[in-house]
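Comments concern the structure below.
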Amino acid sequence: ARMAALDFDASSEVILYGDTRPNSPPGPGSAGRVEIVENQPNRVTLRAELSRPGYVVLLDRFDPNWQATLDGREAPVLRANHMFRAVAADVGTHEIRFFYRQNGLRPGLLLTLGTLALLAILFVLDPRLQREATAQTTHS
């Protein structure tokens, strides 16, 4: 409802989903300048110069698989204005990197590799499997 209000100014007000901190930085107007340094499908790098603490909002679709760093340190990616992503930043010049990392991909890959390693070990240790594999290749 707040975003639909006539007095809502997206350039100076941020509504965060599920965040308990104050949603708008203090003071009227923008907190600074932001430029896109790199824009690739799975990563975006921004340079922000803030004159007061605020949120750097990237007008790109929020997805929980997006991760971020602020000046090289991990930073939470917040859902801003219902559909965009944002990072909180203090006064100063900052480098913000958003990168896409599929949740569950690394554990799934490790599980698959572990299973393949176990199968290889079982194959080497069980001579019956070796004989069956050899028999199948000679009949083919």
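Heavy-atom basis, side chains included; hydrogens, waters and symmetry copies ignored.
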Test of understanding: clusters of I, L, V, M, F, W, Y form through side-chain heavy atoms closer than 4.5 Å, transitively. Do [X] and [Y] belong to the same one?
X	Y	answer
V34	L58	yes
V77	V57	no
I36	L59	no
I121	L111	no

I'd like to know if the side chain of D90 and the backbone of P53 have a donor-acceptor N/O pair within less than 3.5 Å.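 No.
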Here's a test for you: under side-chain contact (heavy atoms from CB on, under 4.5 Å), which of L50, N81, L78 qualifies with Y55?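 Only one of L50, N81, L78 forms a side-chain contact (heavy atoms from CB on, under 4.5 Å) with Y55, namely L78.
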If you round to the nearest 0.5 Å, how far is [atom2] of [Y] from [atom1] of [X]?
X	Y	atom1	atom2	value
Q102	N65	CD	CG	4.5 Å
R43	Q67	CZ	CD	15.5 Å
T93	D71	OG1	CG	9.0 Å
M83	D63	CE	CG	12.5 Å
R33	R47	CZ	CZ	9.5 Å
L46	E38	CG	CD	10.0 Å

Would you say CZ of R79 has more than 12 non-hydrogen atoms from neighbouring residues, nucleotides or ligands within 6.0 angstrom?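 Enclosed: over 12 neighbouring heavy atoms sit under 6.0 Å from CZ of R79.
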Heavy atoms of other groups near Q40 CD, more than 12 under 6.0 Å: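 Counting neighbours around CD of Q40, more than 12 heavy atoms of other residues, nucleotides or ligands fall under 6.0 Å, so yes.
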Set of side-chain hydrogen bond (donor to acceptor under 3.5 Å, both in side chains) partners for E49, sequence neighbours left out: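 Scan of E49 (side-chain hydrogen bond (donor to acceptor under 3.5 Å, both in side chains), adjacent residues dropped) gives none.
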Nearest heavy-atom neighbours spanning E95 and T45: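 That would be CG-CG2, 3.8 Å.
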Tell me the closest heavy-atom pair linking P76 and V87, and the distance in Å.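 It is O-CG2, 4.0 Å.
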With sequence neighbours excluded, give me every ring-ring contact (aromatic ring centres under 6.0 Å, His included) pair touching residues 62-83.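 Listed by first then second residue: W66-Y100.
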So do V14 and F84 actually touch side chain to side chain, heavy atoms under 4.5 Å?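 In short, these two side chains do not touch, never coming nearer than 4.5 Å.
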